[in-house]
Asker: 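This is the structure, below, for whatever I ask next.
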Amino acid sequence: MLLTRHGRVLRLLVLGLPLLAIAVSIIGPLAITLIVSFWQKKGFGMVPAFTLDSYLLFFEGVRLEVLQRSLWVAVSATVIMLLLAYPIAYLVTRRVRAEFTRVFLFLFAVPFLVNYIVRTFAWADILGRTGPVNSLLIWSGLVTGPVDWLLFSDFAVYLGLVTAYMPFMIFPIWLSLSGLDRRHLEASWMLGESPLATFWRITLPLSLPGVLAAAIFGFVGAFGEVAVSLILGGTGYQLLGNAITSALNVLNYPLAAAISSVATMIMLTLIVAWYRLFDIHLFLGKIMGRR
Amino acid sequence: MQDHMFFSRRQILAGGAALGLGAALNLQGRMISPAFAAGRTLTLADIGVGDTGDWTKFEQPTGNKVSVVSMGNGPSAVVNQLVAGGGRSIFDIINIVGGMQKPLVDNDLVLKLDPSRMPNWAKNTYIKDYLGKGTPGFNFIGYEDTIYGVPTILQGDSFAYLPEETGELDSYAALFDPKFRGYVSLEDNYTTAGQKTALFLKKAGQADIKDPANMTPEEVKTVIDFLIEQKKAGQFRVIWSSFEQAVNLLTSKEVHVMDCWEPMVFVARSKGHNAKYAAPKEGYLLWALAAYIVNNPERSEAEIGDTYALLDFMLGPWYGAKIALLRGYMTNPGAVEYAKAHPDEFSAEEATRVAEIIDGVKHKFEQGGTWQNRWPTHVDVYEEEWQRFKTA
C-alpha cells in the first residue's frame with residue numbers, strides 16, 4: 001500500500017515536473033505574447049491595456065498582404081514538399097532493403113549538419129548570375145546570358161524552403177508507411193485490387209497521419225521563415241517572420257506580439273485539426289515502437 | 001606528517017583571512033578607492049568596428065581588462081539587449097552608431113557624460129568642428145543639450161560601384177539609372193537607403209523635401225512612391241541586409257551599383273575586385289559612432305571612473321590610428337601624428353594610409369550632404385512606408 005503510494009508520488013514527480021517545465025517554457029511565453037498583443041504602445045515602451053490597435057494596424061496595413069503571401073507560400077511550398085517527400089519515403093520503405101534504411105534516412109539528415117543560414121547563402125552563390133548553374137547553362141549553349149530568375153525570385157525562395165524543410169517531412173511519412181500492417185495490403189491483393197488501387201485505397205489513407213504530421217512540420221517551418229526570404233527573395237521579399245522583425249526594429253512590441261499571435265493561432269488550428277482528424281496515439285505509438 | 005604539509009595552520013588561517021577580506025572588498029567594491037578597484041574587467045559591447053583586437057595599451061597602465069562582446073546595431077537590438085538581455089548589468093559601454101539617444105535616454109539606459117573626466121575630449125577638435133551643439137552632428141552624441149556619447153568614429157557614406165562594368169559614377173542617380181536596371185542593390189534600412197534617396201530627389205529637384213534627415217509623413221510617402229516605381233520597373237536586384245551578403249553581391253558581380261558602407265568596398269578590394277566607393281556630387285550620408293556608458297545603478301563611482309578611463313582611451317591617438325587603419329574611418333585628430341611618431345607601432349606606409357583615410361573622410365565632411373537620422377520624428381511612418389516599399 002505504502003509502496004503504491006510512493007509509486008504514485010514518484011510517477012507524479014517524474015511526469016509532472018517535465019510537464020510543468022514545458023508549460024512554463026512554452027505555454028508561458030505564448031500567453032505573455034498574447035497578453036502583450038493587446039497592450040498599448042506608448043513612446044518606446046508599452047502600457048498594460050486591452051486594445052485592438054495592434055491587430056487593426058496589422059490587418060489594415062500592408063502587413064495583411066504579407067500574411068496572405070506567407071500563407072500562400074507556406075501552403076504551396078508544403079504541397080510541393082509533400083509531393084517530393086512522399087515518393088522518397090515510399091521508396092525508402094518499400095524498395096530499400098531493411099539494413100540500408102537507416103543509411104538512407106541518415107543521408108537525408110546530412111544537410112542538417114551544416115548551419116541552415118550557411119546553406120541558404122550557399123544557394124545564393126550557386127544560383128547567382130556568375131554562379132555554377134548559370135556558368136554551366138551558358139557553357140552548354142542552352143542560354144546566351146545568365147538566367148536572372150534563378151536567384152532573388154519566387155523560384156529561389158521555394159528552392160530554399162524545399163531544401164530546408166522537405167527532409168524533415170520524410171521521417172514522419174516513413175514512420176507512417178513503415179508502420180502499416182502488411183496484411184491489409186496482402187488482403188487487398190488477394191481480393192484482386194491492382195497495386196495502384198491498393199495504394200489509393202489502403203496505403204495512402206493509412207499513411208495520412210504521417211502525411212499531416214509532415215505537412216505541419218513543413219508548413220510551420222515555411223510560415224515562420226525569415227532567412228530564406230531575406231537571402232534568396234530579392235527586392236524585399238516579405239514573409240511574416242520578416243514583418244515581426246520589422247515591427248521590433250521600431251520597438252513596437254504590441255504589434256510584433258499581435259503578428260506573432262496570429263501566426264501562432266493559425267499553426268495551433270492546424271495542430272488541433274490534426275489531433276481531431278487522426279488518432280494521435282496510434283501515430284505516437286508507432287514512433288515509440290508499439291503497434 | 002607536518003613536514004609534508006605545504007602550509008601551516010597559521011598560514012592557512014592568515015590566507016583564509018586574506019581571502020575573506022578580498023571577498024569582502026569585492027562585495028563592497030563600490031565603497032573602496034579607485035586603487036583597489038583596479039583589476040576588474042570592463043565589458044565593451046560593440047557592433048563590430050570598434051575592436052582593435054589588442055587592448056594591452058589600456059590594460060597595462062590601468063590594470064583593468066577589456067572584454068569586447070558583439071551586439072546588434074538596430075535600435076531594437078540595442079534596447080532589447082539592455083532592457084531584456086541583461087545588458088545593463090553586463091555591459092559597461094556600448095559602442096554603436098550614434099543618434100538614438102532618444103530611446104536610450106527616455107528608457108534611462110545610458111548615463112549623461114562629464115567630458116571633463118576625459119582629458120582627450122578637449123584635445124579632440126573634431127567634436128567642436130563636426131559635432132558641436134546646435135549642429136546636426138550633435139544629435140549623434142547629445143540629446144536636449146546634454147552629452148551622452150563619445151564619438152569614436154566619423155564617416156560619410158555613399159555607394160559602391162564596379163567601374164569596369166559601369167564607368168566612373170559621381171551621383172546617386174546611378175542607383176536609379178535605367179542603364180543599370182536589375183544590377184542595383186539597396187540596403188534594407190530606411191535611414192540609409194531611404195535618406196540617400198531623399199537627398200538625391202531633393203538635389204535633383206525631383207521632390208520638394210525640406211530636410212532629408214527628418215522628413216514629414218508626406219515627404220516619406222513621396223520617397224517611397226518613387227522607390228516603389230523603381231522597384232516595379234525592375235531597377236533593384238535585391239535589398240541586402242548583412243555585411244557578408246553585400247560583399248558577396250559586389251565580388252560575384254551580381255550587382256554593379258550598390259548603396260552600402262565603405263568597409264564593404266575595402267573587403268571587395270582585398271579580394272582582388274576593382275570596386276570603388278563613389279564621391280557623389282549630392283554629398284554624403286554623414287554619421288558618427290558613439291560610445292555610451294550603460295546606466296547600471298549597481299555600478300560604483302570607482303567603476304564609473306574606470307569606465308571613463310576606457311572612454312578616454314578610445315578618444316586617444318593610438319586607438320584612433322589603429323581603428324582608422326583597420327576600418328577606414330576617421331577617428332580623432334591625434335591619430336595621424338601618433339602613427340607618424342611611432343614607427344615601432346605603425347610602419348611608414350601605415351602612417352601614410354592613416355593620414356590618407358582621415359583626409360579622405362575630412363573631405364567628405366567638407367562636401368557635406370545629410371546627417372543620418374537614426375530616430376526621425378515620424379519613425380513609425382518611416383517603418384510603415386518602408387514595409388510598403390518592401391511588400392510592393
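Residue numbers begin at 1 in each chain, while the letters A, B, ... track the order of the sequences. Just so it is clear, the values below take in all heavy atoms, side chains as well, and ignore hydrogens, waters and symmetry mates.
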Asker: Run the side chain to side chain contact (heavy atoms under 4.5 Å, CB included) test on B:K390 and A:Y237 for me, step by step, so that the C-alpha distance in whole Å, both residues' side-chain angles and the decisive distance to 0.1 Å come before the verdict.
Answerer: CA-CA 7 Å; B:K390 292 204 290 181; A:Y237 202 104; over 6 Å; no
Asker: Given that the side chain runs from C-beta out, which part of A:A124 has a heavy atom under 4.5 Å from chain B: side chain, backbone, both or neither?
Answerer: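 The answer is neither part of A:A124.
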Asker: Between the side chains of A:S246 and B:Q387, does any donor sit under 3.5 Å from an acceptor?
Answerer: yes
Asker: Checking an interface table here. Which of residues 371-381 of chain B come within a heavy-atom distance under 4.5 Å of chain A?
Answerer: B:W375, B:V379, B:D380
Asker: If we define contacts as heavy-atom pairs under 4.5 Å, which of A:T235, A:V62, A:L151 has the most with chain B?
Answerer: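 The residue among A:T235, A:V62, A:L151 with the greatest pair count is A:T235.
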Asker: Can you check whether B:R237 reaches A:D148 side chain to side chain, under 4.5 Å on heavy atoms?
Answerer: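 Yes, side chains in contact.
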Asker: Quick check on B:S242 against chain A: is it the side chain, the backbone, both or neither that has a heavy atom closer than 4.5 Å?
Answerer: side chain
Asker: Is A:K41 paired with B:E383 through a side-chain N to carboxylate O contact shorter than 4.0 Å?
Answerer: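 No, B:E383 and A:K41 are not salt-bridged.
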Asker: For the CD atom of A:Q238 and the CD1 atom of B:I239, what is their distance to the nearest 0.5 Å?
Answerer: 8.0 Å
Asker: Does any backbone or side-chain atom of B:L249 lie under 4.5 Å from a heavy atom of chain A? Answer side chain, backbone, both or neither.
Answerer: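 Contact with chain A is through the side chain of B:L249 alone.
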Asker: Quick one: what part of B:S241 sits under 4.5 Å from any heavy atom of chain A, side chain, backbone, both or neither?
Answerer: side chain
Asker: What pair of heavy atoms forms the shortest contact from A:L230 to B:Q245, and how long is it?
Answerer: O-NE2, 3.8 Å
Asker: Where does B:Y190 contact chain A at under 4.5 Å (heavy atoms): side chain, backbone, both or neither?
Answerer: side chain
Asker: Taking B:E384 first and then A:R63, would you say they form a salt bridge - that is, a charged N and a carboxylate O separated by under 4.0 Å?
Answerer: yes
